[in-house]
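To start, the structure itself, in structure tokens.
Keep in mind that this is a model prediction, so the values were computed, not measured. All residue numbers in this chain count up from 1 along the given sequence.
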Amino acid sequence: MLRKIRETPEITATSVRKFDGVFEGEIDKIGVNCRFDIELVTGKKFEYKSYGATSISSISSSDAFFRQHLSYLEDAKSLDLMVYEFDKLKFSDRDKIVKQFRKM
């Protein structure tokens, strides 16, 4: 995650509102303890995933991942404010990740 933070120019000391933040309000009813990794002052949220092949292949069948994703969607004012970053050093096949999200 630190590598990705360093590689993302919009993440700076003055642009970060929260690290490891919890969703507020009614969202807790969807998933308990759903957290995002970074929220910027603009409202943009980043979620970093360090998944290998096994975890990637279970995204579409994971109830916990589904609930977390619903929390993100519920909270998002725009999909442009929601960023999932998968560690390409652990899994670099973007098409398989997209396929799992579509199956979800």
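- Between K77 and K44 the shortest side-chain heavy-atom distance does not fall below 4.5 Å.
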- [ ] Using the side chain to side chain contact (heavy atoms under 4.5 Å, CB included) rule, take R3 and L89 through it: C-alpha gap first, then chi angles, then the decisive distance, then the call.
- [x] CA-CA 11 Å; R3 178 178 47 79; L89 300 178; 3.6 Å; yes
TODO: For V16 and L40, run side chain to side chain contact (heavy atoms under 4.5 Å, CB included): C-alpha distance rounded to whole Å, both residues' side-chain angles, the deciding distance at 0.1 Å, then the answer.
DONE: CA-CA 4 Å; V16 174; L40 302 183; 4.1 Å; yes
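- Not counting sequence neighbours, S55 has no partner by the side chain to side chain donor-acceptor pair (under 3.5 Å) test.
- Follow the hydrophobic side-chain contacts under 4.5 Å out from L2 and you reach I38 in the same cluster.
- Residues that satisfy the side-chain contact (heavy atoms from CB on, under 4.5 Å) test with S62, not counting sequence neighbours, are A64, F65.
- Here the closest non-hydrogen pair linking M104 and I59 is SD-O, 4.4 Å.
- Judged by distance alone, the side chain of S50 and the main-chain N or O of D87 form no donor-acceptor pair under 3.5 Å.
- For K4, the side-chain contact (heavy atoms from CB on, under 4.5 Å) test picks out E7, Y48, E85, with sequence neighbours left out.
- For R102, the salt bridge (Lys or Arg N to Asp or Glu O under 4.0 Å) test picks out no residue, with sequence neighbours left out.
- The backbone N or O of S60 sits less than 3.5 Å from a side-chain atom of Q100, completing a donor-acceptor pair.
- Annotation: side chain to side chain donor-acceptor pair (under 3.5 Å) contacts of K99 (sequence neighbours excluded): none.
- In terms of the side-chain contact (heavy atoms from CB on, under 4.5 Å) criterion, residue partners of E39 (sequence neighbours excluded) are, by chain and number, R17, K18, F36, K45.
- The structure places OH of Y51 at 7.5 Å from OG of S58, a figure rounded to the nearest 0.5 Å.
- Every residue meeting the side-chain contact (heavy atoms from CB on, under 4.5 Å) condition with T14, not counting sequence neighbours, appears here in chain and number order: T12.
- Legend: residues meeting side chain to side chain donor-acceptor pair (under 3.5 Å) with D80, ordered by chain and number and at least two apart, are absent.
- Hydrophobic clustering places L73 together with I97 (ILVMFWY residues linked when any side-chain heavy atoms are closer than 4.5 Å, directly or through intermediates).
- Considering only residues two or more places apart in sequence or on other chains, D93 meets the side chain to side chain donor-acceptor pair (under 3.5 Å) condition with none of them.
- Aromatic rings of F46 and Y84 (six-membered ring for Trp) have centroids beyond the 6.0 Å cut-off, not under it.
- Hydrophobic clustering of Ile, Leu, Val, Met, Phe, Trp and Tyr side chains at less than 4.5 Å, counting indirect connections, unites F66 with L79.
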- [ ] Check the pair F91, T54 against side chain to side chain contact (heavy atoms under 4.5 Å, CB included), reporting the backbone distance first and the verdict last.
- [x] CA-CA 10 Å; F91 193 84; T54 302; over 6 Å; no
